[in-house]
4 protein chains.
Amino acid sequence: MSKDARSDARNKVRDAAIALFAQKGVKATTIKDIARAAGVSEGALYRHWASKEELAAALFAAEYTALSHSLREAAGSGPAPQRLRRVIAWAFGLVEAAPGRARFLLLSQHDALPLVPDGLETPVDVVCAIVGDGIAEGSVVDADREALAHTVIGAIVLNIQSHVYGRQTAPLGTLVDTVADALLRGLSTGKET
Amino acid sequence: MSKDARSDARNKVRDAAIALFAQKGVKATTIKDIARAAGVSEGALYRHWASKEELAAALFAAEYTALSHSLREAAGSGPAPQRLRRVIAWAFGLVEAAPGRARFLLLSQHDALPLVPDGLETPVDVVCAIVGDGIAEGSVVDADREALAHTVIGAIVLNIQSHVYGRQTAPLGTLVDTVADALLRGLSTGKET
Amino acid sequence: MSKDARSDARNKVRDAAIALFAQKGVKATTIKDIARAAGVSEGALYRHWASKEELAAALFAAEYTALSHSLREAAGSGPAPQRLRRVIAWAFGLVEAAPGRARFLLLSQHDALPLVPDGLETPVDVVCAIVGDGIAEGSVVDADREALAHTVIGAIVLNIQSHVYGRQTAPLGTLVDTVADALLRGLSTGKET
Amino acid sequence: MSKDARSDARNKVRDAAIALFAQKGVKATTIKDIARAAGVSEGALYRHWASKEELAAALFAAEYTALSHSLREAAGSGPAPQRLRRVIAWAFGLVEAAPGRARFLLLSQHDALPLVPDGLETPVDVVCAIVGDGIAEGSVVDADREALAHTVIGAIVLNIQSHVYGRQTAPLGTLVDTVADALLRGLSTGKET
DNA sequence: TATGAATGAGCCTTCATTCAT
DNA sequence: CATGAATGAAGGCTCATTCAT
């Protein structure tokens with residue numbers, strides 16, 4: 001079906017673009033690069049996205065919100081500290097399962113973050129919400145919700161970054177507890193709901 | 001004096017370039033942009049740096065190592081937890097004192113970090129060293145030094161980022177204790193040396 | 001047909017470039033010059049050649065080897081002195097038939113000769129071979145083959161040059177016998193095989 | 001004396017420029033190259049010549065006419081064939097004594113020849129005159145003077161070129177007789193005056 | 001509809017020339 | 001006078017985008 005064919009092209013382009021953007025950055029990746037890697041023509045690309053920049057923005061937004069959903073799902077339910085631990089574990093797991101996607105999100109954030117539309121739920125929102133829940137339920141210390149959430153996210157992101165850039169050689173999986181313990185010891189009140 | 005004039009040109013270019021790189025990134029900033037903003041000719045730039053890439057790398061390396069030195073100085077001496085708290089306070093202070101520099105370091109890291117020569121001491125090294133000292137002296141929990149250091153750095157960086165991008169509206173100064181308390185509660189053993 | 005269009009572009013560029021290189025030399029001819037003269041865009045040029053230098057080298061190599069083949073054909077067979085006379089006649093004829101090509105070969109030789117790949121047969125090789133044959137068959141004096149060949153080629157080239165530069169106003173056609181007689185009287189043994 | 005100092009600068013520039021022009025061609029040699037090699041400032045150059053092109057033209061014209069004088073002197077007197085033989089010997093000798101100058105004359109001729117003012121005596125004129133004398137005195141065959149002269153000059157130039165470009169490995173000195181014999185056998189009537 | 005050749009604005013860089021010191 | 005930093009036009013080349021086929 002033509003619909004499927006089109007979807008195929010979209011997917012091939014999406015995967016190729018993410019991989020290339022992750023390797024070289026958006027600016028350094030050319031339309032020709034993407035088209036060749038995806039096995040489509042350069043013109044075909046413009047049938048689905050209006051420009052290279054829009055492609056990057058759309059891809060980033062999609063990955064970014066997909067990440068939010070996955071994170072929310074991975075967090076599950078229960079007391080906030082437990083949910084945060086699961087978030088950390090899941091994030092570290094993602095890098096090992098899909099390093100290209102992780103690198104893409106990392107590398108493109110400064111280019112693309114400003115282009116993400118306002119209403120969408122972001123991974124930051126997800127963690128903020130969990131922290132907010134924790135404060136409400138008394139399991140997380142009562143402090144600036146955003147500040148605590150960014151503390152958690154920062155810890156995750158930088159550990160991932162150091163792994164991706166090769167400074168951290170220990171497998172991320174082995175660090176989940178180290179990071180989560182340190183973080184949760186800092187954020188938790190110790191009281192369970 | 002010609003010496004001063006030369007320094008002036010260098011400094012004007014440096015400041016203009018840092019501001020522009022911070023606004024738009026290295027790739028999106030043109031030589032013409034920099035020359036115009038600095039009030040010098042395009043050619044003049046090549047008397048001081050061999051290429052745009054080298055300019056970016058030199059600027060980044062200089063700021064990056066200056067940051068390391070400042071961080072080390074700001075940390076002072078004493079038990080690691082106290083030194084880390086001072087690092088956090090200093091970093092948050094820097095953003096309010098020199099937002100352009102902070103944005104430059106944040107935005108250029110993915111472009112320029114790979115170009116920083118190997119031997120130099122980085123801000124990451126500084127924090128790692130402090131954490132390492134803390135572990136040695138028993139004031140910091142005994143865990144992967146890099147992971148803990150990146151947890152601290154990530155917390156700092158992401159809080160700065162959220163401030164720079166306007167998500168966090170509270171002045172960073174008011175968040176020092178929130179972030180430091182959470183982090184240090186997580187990292188400290190409670191034992192002082 | 002697209003195939004023809006492509007060939008057209010290549011040919012238009014080739015002809016324009018040869019003419020311009022012949023007028024001003026490779027270095028002094030700009031890509032813009034060529035594109036304008038050929039009626040194509042500047043970028044189009046890079047679809048066929050990787051750089052201006054490669055364009056010049058490819059064009060020169062093609063003309064240079066085409067010249068070799070023509071020379072060899074024009075020489076025909078028979079005793080070396082007769083073949084050399086035909087070479088001279090043919091070379092002088094070429095200048096009148098295609099002065100642009102001749103000028104191009106003359107003007108570009110210092111720029112482009114070093115870029116011609118080693119294995120190719122050059123016009124110099126052709127004349128050397130004829131002289132070598134002549135020595136072997138006893139129709140040419142027994143002396144350094146290269147030196148004799150360059151004597152012949154030099155006589156041809158300089159007469160062409162003086163014609164192209166307007167010093168020699170007599171039509172080259174009328175000089176074939178003058179030059180050939182002088183040269184062959186000098187090279188021949190007088191013995192026919 | 002300042003006059004001497006100026007002359008020194010002129011000479012240093014001249015020698016450096018000739019060497020560089022001979023190595024890389026006029027276009028590829030920069031003012032900075034010349035100034036550095038000559039040990040003078042870039043601005044100093046403009047005190048003696050109005051532009052790089054004028055420098056090249058002046059240098060070429062000077063070498064070109066110096067060559068004429070040397071050639072005329074070297075030719076000496078006597079029957080034309082003997083004088084031509086001395087011309088050949090002298091030219092081949094020059095290449096071994098001053099290869100830079102020879103290369104410069106060879107390489108720059110297409111760029112600079114059109115700029116040589118009309119009235120000056122050129123090496124071509126010198127040979128033409130000798131050939132003309134030869135015809136008048138009956139020692140050279142009665143044919144187009146220019147054509148015969150260019151035959152001689154071409155033989156010289158191409159043999160030098162093949163030597164300079166490394167195709168001819170035999171020392172030029174050993175080829176004087178080969179080339180001169182062939183040429184003079186072709187041009188002479190055999191009658192001495 | 002898909003293709004990929006063509007376009008041309010714009011980029012980085014060079015370098016002849018000028019001129020303040 | 002000599003110097004060499006500054007200028008800025010111009011060059012070669014790239015690449016996002018368009019459009020004829």
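Throughout, protein chains are lettered first and strands after them, A, B, ... in sequence-line order, and every chain is numbered starting at 1. From a predicted model like this one, the values you see are computed outputs, not experimental measurements.
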Open item on the list: Looking at every non-hydrogen atom in both residues, tell me the closest pair between B:Arg103 and B:Tyr165 and how far apart they are.
Closed with: NH1-CE2, 4.0 Å
- [ ] Please name the pair of heavy atoms, one in C:Leu20 and one in C:Thr29, separated by the smallest distance, quoted to 0.1 Å.
- [x] O-OG1, 3.4 Å
For [X] and [N], what is the distance between atoms [atom1] and [atom2] respectively, to the nearest whole Å?
| X | N | atom1 | atom2 | answer |
| --- | --- | --- | --- | --- |
| D:Asp8 | F:dA2 | CG | C1' | 15 Å |
| C:Lys12 | E:dA5 | NZ | P | 16 Å |
| B:Asn11 | F:dA5 | CG | P | 17 Å |
| A:Arg10 | E:dA2 | CZ | P | 13 Å |
| D:Glu54 | E:dA16 | CD | P | 15 Å |
| D:Lys27 | E:dC15 | NZ | P | 12 Å |
| B:Leu55 | E:dT13 | CG | C1' | 14 Å |
| D:Asp33 | E:dT14 | CG | C1' | 12 Å |

Open item on the list: My understanding is that a pair needs two contacts under 3.5 Å, Watson-Crick or G-U wobble. By that rule, which nucleotide pairs with E:dT7?
Closed with: F:dA16
Task: Base-pairing mate for F:dG11 - Watson-Crick or G-U, with both contacts under 3.5 Å - done: E:dC12
Task: Parallel, tilted or perpendicular: ring planes of A:Phe60 versus A:Phe104, cut at 30 and 60 degrees - done: perpendicular
Task: Any N/O donor-acceptor pair, C:Glu42 side-chain to F:dC13 base, under 3.5 Å - done: yes
Open item on the list: By nearest heavy atom, map B:Ile31 and C:Leu45 onto DNA chain E; which one lands nearer the 5' end?
Closed with: C:Leu45
TODO: With DNA chain E as reference, determine whether C:Val40 or B:Ala44 sits nearer its 5' end, using the nearest nucleotide of each.
DONE: C:Val40
TODO: Examine F:dC15: is either OP1 or OP2 under 4.0 Å from a nitrogen or oxygen in the side chain of A:Lys32? Give yes or no.
DONE: no
Open item on the list: Let's see if you can work this out: which of F:dA6, F:dC13, E:dA5 has an atom nearest to the side-chain heavy atoms of C:Arg47?
Closed with: E:dA5
- [ ] Kindly point out which of F:dC13, F:dG11, E:dT14 is positioned nearest to the side chain of C:Tyr46?
- [x] F:dC13
Task: Closest-nucleotide ordering on DNA chain F, the 5'-leading residue of B:Ser41 and C:Ser51 - done: B:Ser41
Task: Residue whose nearest DNA chain F nucleotide is more 5′ - C:Glu53 or A:Val26 - done: C:Glu53
Open item on the list: Under a plain distance cut-off of 3.5 Å, with no hydrogens placed, do B:Thr30 and B:Asp33 share a side-chain donor-acceptor pair?
Closed with: yes
Open item on the list: Using modelled atom types and a 3.5 Å cut-off, is there a donor and acceptor pairing between side-chain atoms of A:Gln109 and backbone atoms of A:Leu106?
Closed with: yes
